[in-house]
Structure formats: structure tokens, C-alpha cells
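Quick note: residue numbers are just sequence positions, from 1.
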Amino acid sequence: MESHRLIAGFLALKLGLVDVIDGITPPDSRLLEQSNCLVLNKPGLDLNYLGFFTEKAPLDNPAIRKAIAMSIDREQIVTGLLGGTTLEANGPLPPGVQGYDPAIRPLPYDPAGARELLSHSGYPEGFEITIVTYKLTRPYNPAGGEKLAAALQLDLARAGVKANIKAYPWNQYKEALLNKEGNAFLYGWISDNCDPDNFLYTL
């Protein structure tokens, strides 16, 4: 479906029917550049994140959530999985939104420290969770939900957390979220109006 959209947009550009197309993926961008199309890149006003159902044990414990954050190699996800086309998030607001602070530093990648924190929190042997995700890609996740979940699964395993993955088509995925299925979920957000309230209140 997405490839058909790119082909239609590309043909419309070449025939002079349109001057601009948007919403292209990083691979599409490279194809267009190879065809001598001018491609303008700018950070999007969007977020891609791992969310938790914090009322469910063991994710009701902030120390456990901290351990999970420490076990995720965000740099490798950005450069490897996402091809270096995204920025590593440092909080709930993306660059370009009022209130974004570039000085904030996320927790460092530290799987050994994550294991130690899990052990101190009563889980020396780790534990098991289910991550619910969507199939295919999203504008804030060009790799797709299943690939991103698989990357997180590998990272979490190094810290002693076994993550099972349940992936659904988009509409079924939203139903699973409403039903609070699993322990954690992949989601994202694209700004409607560039106001920080649109991230902080909505999410």
C-alpha cells in the first residue's frame, strides 16, 4: 500500500502534476534523491515510545521501569533499526515544541546495572512481560511495530526480562490497548498543533 502511494506521488512529480509530496519513508527518500528529486529533511513533531500499564505488577514499581529503560540500547535502535533517520528521545517532547530541553539526558544504556536493579527489587531471576504492538509501519516508526518490538525483546533479554510479543493490525491493536492487554505497548504520537499540551495532556 505504501509503495503504491510512493509510486503515485513520484509519477505525479515527474509529470508535473504536483510540486510537493510528503509523508515519505527514509528508503523512499533515498530513491527520490537517486532520481534527482529535491528532498527536504526536517525533524518531525512526533514521538515513538514504549508505554507501560503501571497498575500491573511488576511495572507498578518505578525501579522496575527504570531497569527496563536502562536495558534498552536506544542508540543502536536509532542507528541500526531506524537507519539513523530519527533522533533519540530525551523526554516526552520532541525538538521544535516549546518546553523541549536539549540538556536533558536519558538514563544510560546499562544492562548490567539493570540486572542489579532488578535483583534489588526482588527479581534476581528476572520476570516475563508481554509487549503489545501494531503490525506494519507508522509515520513515527518506519521500521514497523514488530521489528521494533523484536529489537526491544533482545535488549530486555540481556537484562533478564523475557518479553513476549503480540502484534495486531492497527484497529485490533487499538482495541487491545483499550482492554489493557499485556504489560507494555508500543505507541507514538504526531502533533496536531505544535503545542506541548498536545503531547503532555493527550499522552
Side-chain angles (χ1 to χ4, degrees), residues 1-7 9-10 21-35 37-52 65 68-97 100-102 104-111 114 129 131-159 161 163-170 173-174 177 182 184-192 194 198-199 202-203:
M1 188 73 143
E2 287 298 318
S3 60
H4 294 306
R5 183 175 180 274
L6 171 67
I7 292 167
F10 177 72
I21 61 174
D22 68 351
I24 60 176
T25 65
D28 295 343
S29 173
R30 288 188 286 275
L31 286 173
L32 290 169
E33 286 173 332
Q34 290 167 4
S35 301
C37 291
L38 175 63
V39 177
L40 301 176
N41 292 298
K42 184 174 167 52
L45 296 176
D46 59 272
L47 285 174
N48 185 21
Y49 65 91
L50 174 67
F52 305 116
R65 300 195 299 269
I68 287 178
M70 292 166 60
S71 71
I72 296 172
D73 190 350
R74 292 180 296 276
E75 184 178 341
Q76 176 56 34
I77 288 172
V78 166
T79 58
L81 182 65
L82 301 175
T85 59
T86 61
L87 300 172
E88 185 179 331
N90 70 348
L93 296 174
V97 173
Y100 170 78
D101 184 355
I104 294 173
R105 292 288 173 262
L107 290 167
Y109 172 56
D110 183 3
I129 62 170
I131 299 174
V132 177
T133 188
Y134 45 86
K135 294 186 175 181
L136 302 179
T137 62
R138 301 295 298 165
Y140 43 76
N141 178 9
E146 290 177 288
K147 287 185 179 178
L148 179 54
L152 294 175
Q153 184 181 51
L154 287 173
D155 282 349
L156 292 172
R158 292 187 192 101
V161 177
N164 303 302
I165 299 169
K166 292 186 78 171
Y168 295 101
W170 183 246
Y173 163 76
K174 290 193 290 185
L177 277 190
F185 55 91
L186 288 178
Y187 206 67
W189 186 254
I190 302 170
S191 177
D192 294 318
C194 303
N198 188 230
F199 289 91
T202 306
L203 300 179

So, the side chain of Asn198 versus the backbone of Ser191: is there a donor-acceptor pair under 3.5 Å, distance only?
no
Closest heavy-atom pair and its distance - Ala184, Phe52
CB-CD2, 4.0 Å
From Glu88 atom CD to Thr79 atom OG1, the distance as rounded to the nearest 0.5 Å:
9.5 Å
Please name the pair of heavy atoms, one in Leu47 and one in Pro92, separated by the smallest distance, quoted to 0.1 Å.
CD1-O, 2.9 Å
Do Asn90 and Tyr100 have side chains that get closer than 4.5 Å, going by heavy atoms?
yes
Can you give me the closest heavy-atom contact between Ser71 and Tyr109, atom names plus distance?
O-CE1, 3.4 Å
Are Leu31 and Gln34 side-chain neighbours, meaning at least one heavy-atom pair lies under 4.5 Å?
yes
Minimum heavy-atom distance between Gln153 and Ala163, given as atom pair plus value:
NE2-O, 2.7 Å
Within a strict 4.5 Å, meaning less than it, do heavy atoms of the Leu82 and Asn141 side chains meet?
yes
Contact between Pro94 and Phe199 at the side-chain level, heavy atoms closer than 4.5 Å - yes or no?
yes
Nearest heavy-atom neighbours spanning Lys135 and Ala167:
CE-O, 3.5 Å
Against Leu148, only a single residue in Thr137, Leu50, Ile77, Ile131 fulfils side-chain contact (heavy atoms from CB on, under 4.5 Å); can you say which?
Ile77
Pro139 and Ile190, any side-chain heavy atoms less than 4.5 Å apart:
yes
Which value, rounded to the nearest 0.5 Å, describes the distance between Tyr168 atom OH and Leu136 atom CG?
15.5 Å
Taking the inter-plane angle between the rings of Tyr187 and Tyr173 on a 0 to 90° scale, is it parallel (under 30°), tilted (30 to 60°) or perpendicular (over 60°)?
parallel
Step by step, would you call Leu186 with Leu152 a side-chain contact (heavy atoms from CB on, under 4.5 Å)?
CA-CA 10 Å; Leu186 288 178; Leu152 294 175; 3.6 Å; yes
Any non-hydrogen side-chain atom of Glu146 less than 4.5 Å from a side-chain atom of Ile165?
no
Side chain to side chain, Pro95 and Leu87, heavy atoms closer than 4.5 Å:
yes
One should read off an interatomic distance between Asp110 CG and Met70 CE, to the nearest 0.5 angstrom, of 4.5 Å
Can any side-chain N or O of Arg105 pair as donor or acceptor with the backbone N or O of Pro102 at less than 3.5 Å?
yes
Minimal non-hydrogen separation, Ala151 against Leu81, with atom names:
CB-CD2, 4.1 Å
